[in-house]
Protein chains: 2
Amino acid sequence: MSKARRATMSDVAREVGVTAKTVSRVVNGEGPVSAETRARVLEAMDRLGFQPNLMARNMRVGARDSTVGLVIPDMGNPFFGTVAGGIEGAVRPRGLTLLVGSSEETAEGERSLISTFLARRVTALLVVPSADSDHHPLRAERAAGLPIVFLDRPPNRLTADCVVSANREGARSGVAHLIAHGHRRIAFVGDLSTLYTRRERFQGYRDALAKAGIPLDRALVETGHDHEAAAAAVVRLLARKDPATAVFAANNFAATGVVLGLARLRRRDVALVGFDDLPLAEVLEPALTVVAQDSAAIGKAAAELLMARLDGDRSRARTVEVPTRLIVRGSGEMPPTV
Amino acid sequence: MSKARRATMSDVAREVGVTAKTVSRVVNGEGPVSAETRARVLEAMDRLGFQPNLMARNMRVGARDSTVGLVIPDMGNPFFGTVAGGIEGAVRPRGLTLLVGSSEETAEGERSLISTFLARRVTALLVVPSADSDHHPLRAERAAGLPIVFLDRPPNRLTADCVVSANREGARSGVAHLIAHGHRRIAFVGDLSTLYTRRERFQGYRDALAKAGIPLDRALVETGHDHEAAAAAVVRLLARKDPATAVFAANNFAATGVVLGLARLRRRDVALVGFDDLPLAEVLEPALTVVAQDSAAIGKAAAELLMARLDGDRSRARTVEVPTRLIVRGSGEMPPTV
DNA sequence: TTGTAAGCGTTATCAA
DNA sequence: TTGATAACGCTTACAA
């Protein structure tokens, strides 16, 4: 019962009294097979619950699997969900199936997941790198013609196609927006500083401050990698003797956390601009001003890069930067409390 | 360049001057290999960028792949992201890798994704069924010993393990809560009625009404499968001559949409209870009362069922119901406007 | 219209 | 400690 071996083509063939090759023909709808034989084979396949072994097929054919592997850092972050949706919509018409795994934001998780995909001979590989991962070992795969595209964050120690948001410019514009509304004590709440997106957005923050002649105050730079951490950061930022009058939250979790923190403090006088939009942004009070990323477009761009490579594009690695968009809703336009 | 063949064990072996079997021993850290041979093999592997072909290995070993396949309807829904996270946390310690694909809520997408997983000989299969899918064809796989667990929604035409939320009872308690606060015109905004979860939650809604002696008014039952559809539904519900004084939103998208709709109408006098919690629920005004699902627990329970099967549990199919929890925050306690 | 032989990349078995 | 041979399930090339 438990050792019930799975039916193979030979099993089906024996059942019907033909050869495996004939079953193969029926399965692949290829070559000439008499209607009667075909019917008998189909019947036996159904009766035995035959499922072709794609591993064996792919091995023989030498063809790659019709699967695209995607490595993301976190299944729970809707940003990556939307990115994945964008990819899927683009590769599906081509008959490719997207399979997603999570690295849990660790280099080891990422390495082992990539290995899993490579060992299964995916048609192409999409990776959102986790901090500190090294992509140098992938050079052989790339040389062997495997399309590899990095998303959201660039590869480390490897030149390859890459799609990212306009992080620096987007952050700059968001912070400049706060400055334009009179703020000079603007806090930055972001991920761990090892992350590429955090570094870029932090640079944009510095660019905006510099342009306005505002010195960087390290005391206003906080880390909030999840909701509660960001909420706690806000409490600290506002408890200072010289508190922040505005906050730039550098990702969706940070923005959510800052909103939570401010609400718990019953503070409605602190300006806020978030990076990445939230579904409920417009109903918050005040409504949340954000630098919106086009996450679906990021996925789509990556998928298109990938498919161009599959179609034989051998040009050098490209980096696509997807623009962001400032959405003004209220929270970013409040003046500083004097 | 483009046809660069991938290095095989034989390639590595030839390079070093040994046999494929020796390389195999090194790769699998099995059997006796001299330290020197091992070093030379490892060096050659690295130089050639050798990646073992798992398809070939699995085929030979006859072993199942160390992969668990998960089919979800929608990558963009954070509920499924959290469920996936719960599964991953439970199967990873066992050395299993979770691979996720999206059916886009279509029976065909689900069928083809399941086929993809079966053809790749996953160790186990996890499925969130889409509406109208038929799982009868999976009976042979189940008989062959493949653990199959359904999540969030039960299988159709197949008896199998299943993990669901206490949908009916949860919805009943949410609606009863509104009734306890004086409401009698309570609207229901949910998914398409073909969906299991929608049907169950609707039953819970009816149960609560019946218990209170309130007749069901079909005019108060609306469909809102995404944010905007739910927002539009609210507008209709409140525009009636005999409008709803409270709304029960039967899933997270519907709840978000209802909140959006109410905010756009500037209506703060309509009571609301949502099914499934939202990250920003506590900061809404009024804060959102919800029937919270434990999505991570659903994933974990499914993973545990699955692993028990892998460990040889042959008992009959079980259905696990994960309890929900009413979280009172304000929106559900508002009295009806007279 | 169907069958035979060989081989894809790996590992089990047994021998050296 | 290492190698030769066969086999996993399937498809290609060729023959019947």
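Side chains included, hydrogens not; waters and symmetry mates left out as well; all remaining heavy atoms used. Throughout, protein chains are lettered first and strands after them, A, B, ... in sequence-line order, and every chain is numbered starting at 1.
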Does anything in residues 72-84 of chain A pair up under side chain to side chain donor-acceptor pair (under 3.5 Å), and if so which pairs, sequence neighbours excluded?
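Residue pairs passing side chain to side chain donor-acceptor pair (under 3.5 Å), neighbours aside: A:Asn77-A:Asn252.
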Can you pull out every salt bridge (Lys or Arg N to Asp or Glu O under 4.0 Å) where at least one residue sits in residues 127-137 of chain B? Sequence neighbours excluded, please.
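Checked against salt bridge (Lys or Arg N to Asp or Glu O under 4.0 Å) - neighbours excluded - the pairs reaching residues 127-137 of chain B are B:Asp134-B:Arg157.
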Once ring-ring contact (aromatic ring centres under 6.0 Å, His included) is applied, do any residues pair with B:His135, and if so which ones, sequence neighbours excluded?
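Here the qualifying residues are B:Phe150.
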Applying ring-ring contact (aromatic ring centres under 6.0 Å, His included) as the test, list every pair that has at least one member in [range]; sequence neighbours left out.
| range | result |
| --- | --- |
| residues 68-104 of chain A | none |
| residues 99-133 of chain B | none |
| residues 12-59 of chain A | none |

Would you indicate what A:Thr19 reaches in the nucleic acid, counting non-hydrogen atoms under 4.0 angstrom: base, sugar-phosphate, or nothing?
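Here A:Thr19 touches the bases of the nucleic acid.
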Can you find a pair of side-chain heavy atoms, one from B:Leu151 and one from B:Ile87, that are under 4.5 Å apart?
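Sidechains of B:Ile87 and B:Leu151: in contact.
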Looking at side-chain heavy atoms only, is the closest gap between A:Arg120 and A:Thr67 below 4.5 Å?
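A side-chain contact under 4.5 Å is absent here.
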Run the salt-bridge test on A:Glu43 and A:Arg40 with the 4.0 Å N-O cut-off and return the result as yes or no.
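No salt bridge links A:Glu43 with A:Arg40.
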SB check A:Arg94 A:Glu304 (cutoff 4.0 Å):
no
What residues from residues 34-43 of chain B pass a heavy-atom cutoff of under 4.0 Å to DNA chain D?
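Residues of residues 34-43 of chain B under 4.0 Å from DNA chain D: B:Ser34, B:Thr37.
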Compute the angle between the rotation axes at the two ends of the helix from C:dT1-D:dA16 to C:dA16-D:dT1, each taken over five pairs, rounded to 10 degrees.
30°
Each nucleotide in nucleotides 9-16 of chain D should get exactly one letter: B, S or -. Can you fill that in based on protein heavy atoms under 4.0 Å?
BBBB----
Where does the chain A footprint on DNA chain C start and end, counting 5' to 3' with a 4.0 Å heavy-atom cut-off?
C:dT1 to C:dG9
Results of side-chain contact (heavy atoms from CB on, under 4.5 Å) for B:Thr159 - residues two or more places apart only:
B:Ala317
Run the side chain to side chain donor-acceptor pair (under 3.5 Å) test against A:Ser130 and tell me which residues pass, sequence neighbours left out.
A:Glu110
